[in-house]
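Below is one structure, written out as structure tokens, with a few remarks after it.
Letters A, B, ... mirror the listed sequences (proteins, then strands); counts begin at 1.
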There are 2 protein chains.
Amino acid sequence: MALDTTASIKKKLNSRGWRMTPQREKILEVFYNLPQGNHLSAEELHNLLEEQGENISLSTIYRSVKLMTKMRVLRELELAEGHKHYELNHPYPHHHHHIVCIQCNKTIEFQDDSILKHSLKQCQKEDFQLIDCQLTVMTICQEALEMGWPSTLPSDWCCSRAIAEGHHK
Amino acid sequence: MALDTTASIKKKLNSRGWRMTPQREKILEVFYNLPQGNHLSAEELHNLLEEQGENISLSTIYRSVKLMTKMRVLRELELAEGHKHYELNHPYPHHHHHIVCIQCNKTIEFQDDSILKHSLKQCQKEDFQLIDCQLTVMTICQEALEMGWPSTLPSDWCCSRAIAEGHHK
DNA sequence: TTAAGTGCAAAATCTTTGCATCAGG
DNA sequence: CCTGATGCAAAGATTTTGCACTTAA
């Protein structure tokens with residue numbers, strides 16, 4: 001299964017009575033140009049668009065990512081940051097999951113197709129149709145443990161690896 | 001591994017410089033008495049306590065569930081409802097995952113120990129210590145699909161099964 | 001032409017925090 | 001006693017919504 005194109009998304013939207021707009025095209029473009037492994041919050045998406053000179057209101061951003069998630073063009077992630085993130089919905093075999101450090105919010109993608117198989121099995125048992133499955137592996141790094149996590153670590157402490165990769169708060 | 005008792009939790013807290021208080025005891029009691037498969041938001045926990053005549057402030061609730069999650073007494077769930085839920089952290093072999101209907105928020109628990117095994121494998125690869133892993137399977141039921149989901153369904157529509165079980169919004 | 005989409009500001013939700021006071025170890 | 005915990009109210013953060021106007025199909 002290939003990724004959607006703007007044209008095919010437009011077709012999908014129209015068939016449901018929804019529309020493709022310049023704002024939605026710009027939003028999708030951002031996701032198509034996003035390096036693999038990245039995901040954006042509504043705020044981050046808004047800022048990125050602003051940097052590109054695109055003034056799209058935050059409400060429109062929120063409404064669009066919600067609709068695109070419903071259309072299964074985007075995938076909504078609830079990781080550990082307290083707000084939602086979005087990424088392109090890459091279907092099997094590019095489906096992936098996330099490891100998250102609960103101290104630094106550093107996120108690493110990984111692929112493991114057996115997770116999807118196990119999820120499908122559960123869906124069949126309940127007679128539900130699978131839309132997506134997300135395995136979130138909460139972890140803590142050695143460095144944090146050595147610093148006495150969780151009691152002696154301030155909530156904004158980050159390991160050197162997370163700082164190097166810009167995951168710090 | 002057995003579930004924590006209030007006494008063992010107190011010991012754990014004290015060893016870290018934290019304290020057991022009457023409020024925290026009441027909060028834990030609610031979770032111990034909660035039927036298997038249920039999980040509570042901060043708001044719901046607050047209401048339950050109020051019904052029992054316990055007036056514990058919402059701030060204290062939030063502070064307590066956060067701390068208990070850090071202590072791995074509670075497990076924080078990010079399902080599809082837009083806010084966090086908490087349940088007792090049952091370690092292996094009572095560890096479980098969730099199927100969620102993205103239309104009705106109906107939640108079903110399931111056990112599958114292979115998920116934990118796959119998660120551990122990923123942690124070892126990255127040299128992280130596993131804290132928890134949560135597989136969330138987003139699904140939609142046949143009834144919703146037959147009603148034309150997602151375009152023709154109002155956002156508060158619920159299938160008959162969800163209504164019968166009180167999962168509706 | 002007309003129902004859907006947009007932008008703005010205001011509201012709604014959920015969660016955190018400052019501070020004075022209280023109390024567990 | 002001393003530091004962590006509580007309650008309250010106020011603030012923060014994120015997301016949704018009402019409404020007048022615009023626009024895609």
Side-chain angles (χ1 to χ4, degrees), chain A residues 6-7 9-28 40-47 49-50 54-71 74 76-86 105 150-152 154-156 169, chain B residues 6-7 9-28 40-47 49-50 54-71 74 76-86 105 150-152 154-156 169:
Chain A
T6 306
I9 294 170
K10 174 169 164 21
K11 210 170 279 180
K12 257 201 236 177
L13 285 170
N14 291 346
S15 75
R16 301 259 187 193
W18 291 316
R19 299 173 184 170
M20 182 55 88
T21 65
Q23 289 89 340
R24 289 176 181 175
E25 278 182 12
K26 295 294 178 194
I27 289 170
L28 288 170
L40 300 174
S41 67
E43 193 75 40
E44 290 164 341
L45 179 52
H46 189 240
N47 292 343
L49 284 161
E50 209 148 60
E54 303 294 342
N55 284 95
I56 301 178
S57 79
L58 243 188
S59 327
T60 296
I61 305 267
Y62 274 107
R63 283 187 275 230
S64 298
V65 292
K66 205 176 175 184
L67 179 62
M68 292 302 168
T69 301
K70 235 188 199 172
M71 299 297 292
L74 294 181
E76 189 178 82
L77 306 173
E78 303 252 20
L79 302 172
E81 308 91 336
H83 50 255
K84 291 168 184 159
H85 277 76
Y86 297 86
N105 291 337
S151 50
T152 58
S155 67
D156 60 350
K169 301 155 193 179
Chain B
T6 306
I9 294 171
K10 175 169 165 20
K11 210 170 282 178
K12 258 201 235 176
L13 285 170
N14 291 347
S15 75
R16 300 257 188 193
W18 292 316
R19 297 172 186 171
M20 183 56 89
T21 64
Q23 289 89 338
R24 289 177 182 176
E25 278 182 12
K26 296 293 178 195
I27 289 170
L28 288 170
L40 300 174
S41 67
E43 194 76 42
E44 290 164 341
L45 179 52
H46 189 240
N47 292 343
L49 285 161
E50 209 148 59
E54 303 294 343
N55 283 95
I56 301 178
S57 79
L58 243 188
S59 326
T60 297
I61 306 268
Y62 274 107
R63 282 187 276 230
S64 298
V65 292
K66 204 176 176 184
L67 180 62
M68 293 301 168
T69 301
K70 235 187 199 174
M71 300 296 293
L74 295 180
E76 190 179 83
L77 306 173
E78 303 253 19
L79 303 173
E81 306 91 336
H83 51 257
K84 291 167 185 162
H85 278 75
Y86 297 87
N105 291 337
S151 50
T152 59
S155 67
D156 60 349
K169 303 154 194 180

> Between the main-chain N or O of Met68(B) and the side-chain N or O of Arg24(B), is there a donor-acceptor pair closer than 3.5 Å?
Replying inline: no
>> Quick one, Ile61(A) with Leu49(A), criterion side chain to side chain contact (heavy atoms under 4.5 Å, CB included). Give me CA distance, side-chain angles, the key distance, then yes/no.
In response: CA-CA 10 Å; Ile61(A) 305 267; Leu49(A) 284 161; 3.5 Å; yes
>> Can you give me the first and the last nucleotide of DNA chain C (5' to 3') that has an atom within less than 4.0 angstrom of a non-hydrogen atom in chain A?
In response: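 Both ends considered, the range comes out as dA3(C) to dA9(C).
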> Of the non-hydrogen atoms in Glu78(B) and Leu79(A), which two are nearest, and what is the gap between them?
Replying inline: OE2-O, 3.4 Å
> Of the non-hydrogen atoms in Arg19(A) and Leu13(A), which two are nearest, and what is the gap between them?
Replying inline: O-CD1, 3.6 Å
>> Counting neighbours of NZ on Lys12(A) that are heavy atoms of other residues, nucleotides or ligands and sit closer than 6.0 Å, is the number greater than 12?
In response: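 Yes, enclosed.
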side-chain hydrogen bond (donor to acceptor under 3.5 Å, both in side chains) partners of [X], counting only residues at least two apart:
X        : value
Ser57(B) : Thr60(B)
Glu76(B) : Tyr86(B)
Thr69(B) : none

> Tell me: NZ of Lys10(A) to P of dA24(D), nearest whole Å?
Replying inline: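 For the pair Lys10(A) NZ and dA24(D) P, the rounded distance is 10 Å.
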> Rounded to the Å, how far apart are Glu78(B) CD and dT15(D) C1'?
Replying inline: 15 Å
> Reading nucleotides 2-8 of chain D 5' to 3', which nucleotides get B (base under 4.0 Å from a protein heavy atom), which S (sugar-phosphate only), which -?
Replying inline: -BBSBBB
> So do the side chains of Lys10(A) and Glu25(A) get within less than 4.5 Å of each other, counting heavy atoms only?
Replying inline: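 Result no, sub-4.5 Å side-chain heavy-atom pair not found.
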>> Let me confirm one number: the CE-CZ distance from Met71(B) to Arg16(B), rounded to the nearest 0.5 Å.
In response: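 Going from CE on Met71(B) over to CZ on Arg16(B), the span is 6.0 Å.
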> Just how large is the angle between the end axes of the helix from dT1(C)-dA25(D) to dG25(C)-dC1(D), five pairs per end, to 10 degrees?
Replying inline: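 End-to-end axis angle: 50°.
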